[in-house]
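The chains referred to below are lettered A, B, ... by the order of the sequence lines, with proteins before strands, and numbering in each begins at 1. Every heavy atom of this structure was used, including side-chain atoms; hydrogens, water molecules and symmetry mates were not.
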Number of protein chains: 2
Amino acid sequence: MSQASAARSRVRDAAPLFAALGDETRLRLLFRLSSGGPGSITHLSADSPVSRQAITKHLQVLSEAGLVKSSRRGREHVWDLEPKRLADAHQYLDRISQQWDDALDRLKKLVEE
Amino acid sequence: MSQASAARSRVRDAAPLFAALGDETRLRLLFRLSSGGPGSITHLSADSPVSRQAITKHLQVLSEAGLVKSSRRGREHVWDLEPKRLADAHQYLDRISQQWDDALDRLKKLVEE
DNA sequence: TGAATGTGCAATCCGTTGGTTGCATGATAA
DNA sequence: TTATCATGCAACCAACGGATTGCACATTCA
């Protein structure tokens with residue numbers, strides 16, 4: 001795979017991931033899950049100002065982005081974090097800032113010569 | 001400030017930041033700026049499949065999120081990265097994964113007792 | 001001055017999204 | 001078995017977002 005097409009597929013993977021993080025309700029859900037542990041939909045929507053259905057939809061979005069996963073326990077659906085995916089987001093940011101630092105270095109050397 | 005309200009204001013700050021990152025065209029712009037250095041609107045939109053106006057709007061969004069800044073040079077507007085803001089995004093992710101690790105530790109100790 | 005270049009502004013379009021409400025279904029506990 | 005509780009499904013709505021086009025304005029260069 002060429003460098004350019006690798007960059008394209010990175011972007012295609014990263015955009016929905018960040019988009020999923022780009023909503024207050026969803027971020028609150030993530031904070032809630034990371035501090036309070038796994039929980040059912042009803043449980044999670046009890047802490048929230050919006051309706052249960054809204055929470056369901058948000059969990060769906062987070063799930064499609066790979067940030068959470070669910071498992072059945074009796075009649076409940078219990079949702080939990082998927083921390084690997086957070087690490088992915090980290091990596092994308094690293095990649096950008098690394099490129100940036102490299103570019104600055106090149107510029108610096110160019111000026112110093 | 002209480003812990004809860006600090007968390008709320010973090011969320012309010014982080015959501016638009018991630019939302020700005022959650023678009024393919026904008027991510028490509030960031031990669032382009034981080035690897036190719038600063039550039040004018042016309043320059044940046046030359047590399048892109050979408051129109052110049054679209055690029056302008058995206059730069060506006062990135063600017064409101066604090067990820068880029070512009071300066072005039074003659075009749076051009078030159079846009080550049082604002083790397084501090086990338087570091088902010090890093091921090092938010094750190095906070096979530098840290099909380100998660102802490103929660104896991106607590107759970108572990110609870111089970112071990 | 002006049003032509004070319006870089007940008008901004010405004011209107012418009014259409015798909016997506018965040019949210020709601022109402023009802024149906026499926027599992028559990030008394 | 002019959003309430004009850006946790007979800008799912010569907011329709012609907014208002015607002016937002018990404019993109020386009022057309023035109024105006026400002027700056028520069030010949």
*Asks:* Could you run down the sub-3.5 Å N/O contacts of the protein with nucleotides 22-24 of chain C?
*Replies:*
unit_1 : atom_1 : unit_2 : atom_2 : d
C/dG22 : O6     : A/Q53  : NE2    : 3.3

*Asks:* B/L44 CG to C/dT7 P: how many Å, rounded?
*Replies:* 9 Å
*Asks:* Between C/dG18 atom P and A/I55 atom CD1, what is the distance in whole Å?
*Replies:* 12 Å
*Asks:* Identify, with sequence neighbours excluded, every residue that meets side chain to side chain donor-acceptor pair (under 3.5 Å) alongside A/S34.
*Replies:* B/Q99
*Asks:* Where along residues 21-42 of chain B does a heavy atom fall under 4.0 Å from DNA chain D?
*Replies:* B/D23, B/T25, B/R26
*Asks:* Does anything in residues 58-76 of chain B come within less than 4.0 Å of DNA chain D? Heavy atoms only, and list the residues if so.
*Replies:* B/H58, B/G74, B/R75
*Asks:* Quick one: list whatever passes salt bridge (Lys or Arg N to Asp or Glu O under 4.0 Å) with B/D88, sequence neighbours left out.
*Replies:* B/R85
*Asks:* Which heavy-atom pair separates A/L27 from B/A15 by the least distance, and what is that distance?
*Replies:* CD1-N, 3.6 Å
*Asks:* Could you check A/L17 against A/Y92 for side chain to side chain contact (heavy atoms under 4.5 Å, CB included), going step by step and ending with a plain yes or no?
*Replies:* CA-CA 10 Å; A/L17 179 53; A/Y92 291 120; 4.0 Å; yes
*Asks:* Under the salt bridge (Lys or Arg N to Asp or Glu O under 4.0 Å) test, which residues partner B/D47, sequence neighbours left out?
*Replies:* B/R32
*Asks:* Which residues pass the side-chain contact (heavy atoms from CB on, under 4.5 Å) test with A/R12, not counting sequence neighbours?
*Replies:* A/R8, B/E24
*Asks:* What I want to check is whether an N or O donor and acceptor connect the side chain of A/K57 with the base of C/dG19 at under 3.5 Å.
*Replies:* yes
*Asks:* Tell me every residue that passes side-chain contact (heavy atoms from CB on, under 4.5 Å) with B/A19, counting only those two or more places apart in sequence or in another chain.
*Replies:* none
*Asks:* Using side-chain contact (heavy atoms from CB on, under 4.5 Å) as the criterion, list what pairs up with A/S40, not counting sequence neighbours.
*Replies:* A/T42, A/H43, A/E76
*Asks:* Not counting sequence neighbours, which residues clear side-chain contact (heavy atoms from CB on, under 4.5 Å) with A/L29? List them please.
*Replies:* A/L44, A/I55, A/H58, A/L59, A/L62
*Asks:* Using the salt bridge (charged side-chain N to carboxylate O under 4.0 Å, His left out) rule, collect all pairs that involve residues 51-70 of chain B, keeping only residues at least two apart or in two chains.
*Replies:* B/K69-B/E82
*Asks:* If you pin B/H43 and A/S51 to their nearest nucleotides in DNA chain C, which one's is more 5'?
*Replies:* B/H43
*Asks:* Check the phosphate of D/dG8 against A/H77, side-chain N and O only, distance under 4.0 Å to OP1 or OP2. Yes or no?
*Replies:* yes
*Asks:* Could you pull out all residues at least two apart from B/D94 that satisfy side chain to side chain donor-acceptor pair (under 3.5 Å)?
*Replies:* A/H90
